[in-house]
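For reference, the structure is listed below as structure tokens.
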Amino acid sequence: MLRSMEFKKDLYIDGQWVSGDGYLDIYNPSTGEVITQVATAGDKECEAAVAAAHRAFPGWAKTAPRVRAEILRKAFELVVAEADHLATLISMENGKVFSDAKGEVLYAAEFFRWFSEEAVRTPGDFRKSPSGDKRILVTHQPIGVSLLITPWNFPAAMATRKIGPALAAGCTMIVKPAGETPLTALALMDILERAGVPKGVVNLVLPSNTGPMISKMLHDPRVRNLSFTGSTVVGRLLIKESADCIIRTSMELGGNAPFVVLDDADIDAAVQGAMLAKMRNGGAACTAANRFYIAASVADEFTTKFTAAMSALKMADGLSEGAQLGASVSIKERNKIAELVDSAVQGGGTLHTGGKIPDGAGAFYPPTVISVGSDNLILEHEVFGPVAPIVTFTSDEEAIALANSSEYGLISYVYSRDLARAIRTAEAIESGMVAINKGVISDPAAPFGGVKQSGLGREGGFDGIHEFLETKYIGVEI
Ligand code: NAP
């Protein structure tokens, strides 16, 4: 069934499926085989996408919010109806297991549903000025043509988390998926077309030379907004690029989440939460718990139970029966994980399970638990794989200091039976999001985003649509 799947392989520009300046091989990281080839965009296609989005903007901005909402609602229904197909695509091109992929698709669909509801609720304001000399009218207008750049780890959800609010706000857009995983984004274009998105409103390009071509698009005055999800290194570069043309940016960047277990925590619940926080998406999530800080008095119990749960996971091709941990997205990414673990061991770490690349084809790396000192270099890196370094602490203050000893600040996890203590800890930790006694808190209805080197802006929740709206003040003599 899988080998005979139909793929969308062309670029989607101005409502047409078009070829480009060449082709890119798309690999299945579980087998190393080429799945198919996808068209790449040259300068001509990138220019055509910007022109199409620019032409479509006035019409889409004027379209009644209710109409935009209905289209998004239809897109939500189509994604849910076609969830198995989309999940299969994700598993094939990304390597994650089918259950994770299906979870991602349903999560991705919720962004269309949430923003179909938000499309008709854009707030405004009308009031008397304090001096009484005028009326203050505040309204929000769509920013304009938006460039949406997404990573490979959530090929569906990172796209819909941007496309949903952009469509709801009345913006037109150019979507640029990661080179490893464009098939899911192309399938989403097909769904949006069938949901009734007018031509030119959503376009997709896969540039043959990403850096220079994105740079050229950012310098095009018709492009007014950049929404990026990816690594901090690339995000930093794009903020610099955007400074040249003063365009709005929102940046969802890397994470290195601390998972703090205080000495009064329910250890079984903490282990269960740790499995979710670490292993959702095979550890390849910006929200993945990467640094496990465990109170010394409960560290043995936590480590024993967590190691047992990690070692019990079945690692296999993401589409095979019973698979619980799939492949990394590529051999290159898998080797990065292995290098970090090797250097952690050289730095004095003690392995409890895993730590060795398995024989055979595919970009696999096993579930790995390793006890390390608080100065081990692995703690400075976003591992992006199934690796859990454990460090012990002896006071809440030490735990907070360790959690904050990172340049990243996306999400943190805190486990304690004492809610007041957990909230005090959550307030002291420098991160945009904190999960208390829970392994996953991502929710389209909540603001997602980080502080420090993890980014700027928020996606989802009530904030998400504002990344695509400009505030306008109209002062009225009255
Ligand atoms: P990446 O290397 O930064 O790539 C992300 C996207 O940026 C891809 O589409 C990539 O295109 C593009 N890109 C690369 N270089 C570029 C350049 N010079 N100019 C413009 N675009 C460029 O990140 P990744 O490895 O795909 O994803 C993993 C990272 O994403 C991790 O750090 C993870 O934490 C982060 N992430 C953050 C969030 C969040 O919400 N905070 C969510 C998910 C992932 P090509 O594929 O063509 O190179």
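These numbers come from the heavy atoms of this one structure, side chains and all, not from hydrogens, waters or symmetry mates. Predicted, not measured: the structure shown is a model, and the values here were computed from it. Just follow the structure's listing: the first ligand is 1, and inside any ligand the first atom is 1.
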Tell me: protein heavy atom nearest [atom], and distance?
atom	value
atom 21 (N) of ligand 1	T210 CG2, 3.6 Å
atom 42 (C) of ligand 1	C286 SG, 3.0 Å
atom 3 (O) of ligand 1	S231 OG, 2.6 Å

N-O pairing of [X] and [Y] below 4.0 Å:
X	Y	result
E380	R291	no
E470	R224	no
E118	R121	no

Could you tell me whether [X] and ligand 1 have an N or O pair separated by under 3.5 Å?
X	value
T229	no
F228	no
N153	no
S454	no
G179	yes

Within-shell test, G450 vs ligand 1, heavy atom, strictly < 4.0 Å
no

Is it true that [Y] and [X] share a donor-acceptor pair across their side chains at a distance under 3.5 Å?
X	Y	value
N153	K96	no
H54	T172	no
D21	S208	yes

Fit a plane to each ring of H140 and H466, take the angle between them on a 0 to 90° scale, and name the class: parallel (under 30°), tilted (30 to 60°) or perpendicular (over 60°).
perpendicular

Any protein heavy atom under 4.0 Å from atom 36 (N) of ligand 1?
yes

In ligand 1, which numbered atoms sit nearer than 4.0 Å to a non-hydrogen atom of L237?
18 (N)

